[in-house]
Amino acid sequence: MPELPEVETTCRGIEPRIKGAVVERVIIRQAKLRWPIPTTLPHDLPGQRLRRVERRAKYLLLQFDQGTLILHLGMSGSLRVLERGSPPQTHDHFEITFDNNRILRLRDPRRFGAVLWTSAPAADHSLLRELGPEPLGPDFDGTHLHQTGSRRRVAVKNLIMNSKVVVGVGNIYASESLFRAGIHPARPANRISQQRYDRLAAEISAVLREAIKAGGTTLRDFQQEDGRPGYFAQALLIYGKTGEPCPNCGKPIKNRTIGQRSSYYCAHCQR
DNA sequence: CAAAGGTCCTGCTCGC
DNA sequence: TGCGAGCAGGACCTTT
């Protein structure tokens, strides 16, 4: 799925093409996503102007006159902006047609994504209220990780993938940042020094920034709003490279399951 | 049959 | 014993 860089790429891609436009029509083809898409949207959204497009964690927030549409891409979702008349395909579940003849269309084969509506401030929504800091924002650093990690015994990989600790770090970038920081993914969170957490925080921010620059990582489903893939897959150092030589020491890259997720690491370089 | 980029929810364990 | 925080596992769904 879309991790933070893919959602940010989508956010930046769709914003200039639909911001300021007025909704003409809303179609729900498949309401059964993670939660049902509110059936009131086709009635309530037309006539409202799209004021802002923002990202918080992996949620996209489309702020209209009367409230905010909260979108999540789940594991396999993507959003595209197409011209009016463009025919929908399989797994195209939801779309908004705007008065500038553009369609914002959600595709999500696995249907782990979500489309929700709130008329209150989006930050107060139950899905957003308890989220940790943005990894590219001012409240995220090694001290934050060190403090949160100090009372937990979970593997550090689980710590940084916990959205209450820091948002936006998914399975790919967790492996990448831990490799770059030289920290073993299974190391207990309470057995890592402040100094090493400083390094880890810096690597998390750096790898996310680099991935955003490349338009995200496409392994299979992800596409940018114009249909192109993301190009950061070529820059991955460790993710998905089981058995290949470590780019640092040459020893074979290992793979094991940590917290029910596949984890890639070099047993020699990461301690 | 297993695994794939997410994350909420439930129910258990642990320590005070 | 009770409580809250932390934690593991299950659930959701389709495609390869």
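The chains referred to below are lettered A, B, ... by the order of the sequence lines, with proteins before strands, and numbering in each begins at 1. Every value quoted in this text rests on a predicted model; they were computed, and no experiment measured them.
- Rounded to a whole Å, the CG atom of A:L4 is 13 Å from the C1' atom of B:dG6.
- The residue A:Y59 sits close only to the backbone: its heavy atoms come under 4.0 Å of sugar-phosphate atoms, none of a base.
- One interatomic measurement links the two molecules: CE of A:M75 to P of B:dT7, which rounds to 10 Å at whole-angstrom precision.
- With contacts defined as side-chain heavy-atom distances shorter than 4.5 Å, the pair A:R152/A:N162 qualifies.
- Taking 4.0 Å as the cut-off between side-chain N and carboxylate O, A:R107 and A:D92 count as a salt-bridged pair.
- At least one side-chain heavy atom of A:F98 sits under 4.5 Å from a side-chain heavy atom of A:L50.
- Between A:Y264 atom OH and B:dA3 atom C1' the separation is 9 Å, expressed in whole Å.
- Heavy atoms of other residues, nucleotides or ligands lying less than 6.0 angstrom from CZ of A:R29 number more than 12.
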| remark: In 5'-to-3' order, the base (B), backbone-only (S) or no-contact (-) status of each nucleotide in nucleotides 6-16 of chain C, using a 4.0 angstrom heavy-atom cut-off, is SSSBB-BBBSS
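- In this structure, A:L219 places its CG atom 13 Å from C1' of B:dA3, rounding to the nearest Å.
- Remark: A:Y173 is not in phosphate contact with B:dG6, judged by side-chain N or O atoms under 4.0 Å from OP1 or OP2.
- Side-chain contact between A:D108 and A:S78 is absent, with no heavy atoms from C-beta onward closer than 4.5 Å.
- Atom C1' of nucleotide B:dT7 and atom CG of A:L71 are separated by 17 Å, given to the nearest angstrom.
- Residue A:L73 contributes atom CG, which lies 11 Å from atom P of B:dG6 at whole-angstrom precision.
- Taking a pair as Watson-Crick or G-U wobble with both distances under 3.5 Å, the runs of three or more consecutive pairs in DNA chain B are B:2-4 with C:14-16, B:6-16 with C:2-12.
- For the pair A:Q270 and A:I183, the minimum side-chain heavy-atom distance is 4.5 Å or more.
- Qualifying ring pair (Phe, Tyr, Trp, His ring centres under 6.0 Å) partners for A:Y59, counting only residues two or more places apart in sequence or in other chains: A:H72.
- One finds no salt bridge joining A:R80 and A:E225 here, because no Lys/Arg side-chain nitrogen approaches an Asp/Glu carboxylate oxygen to under 4.0 Å.
- Within 6.0 Å of the CD atom in A:Q195, the count of heavy atoms belonging to other residues, nucleotides or ligands does not exceed 12.
- Rounded to an integer number of Å, the gap from CD1 of A:I172 to P of B:dA4 is 11 Å.
- Atom CE in A:M161 sits roughly 12 Å away from atom P in B:dC8 (whole-Å rounding).
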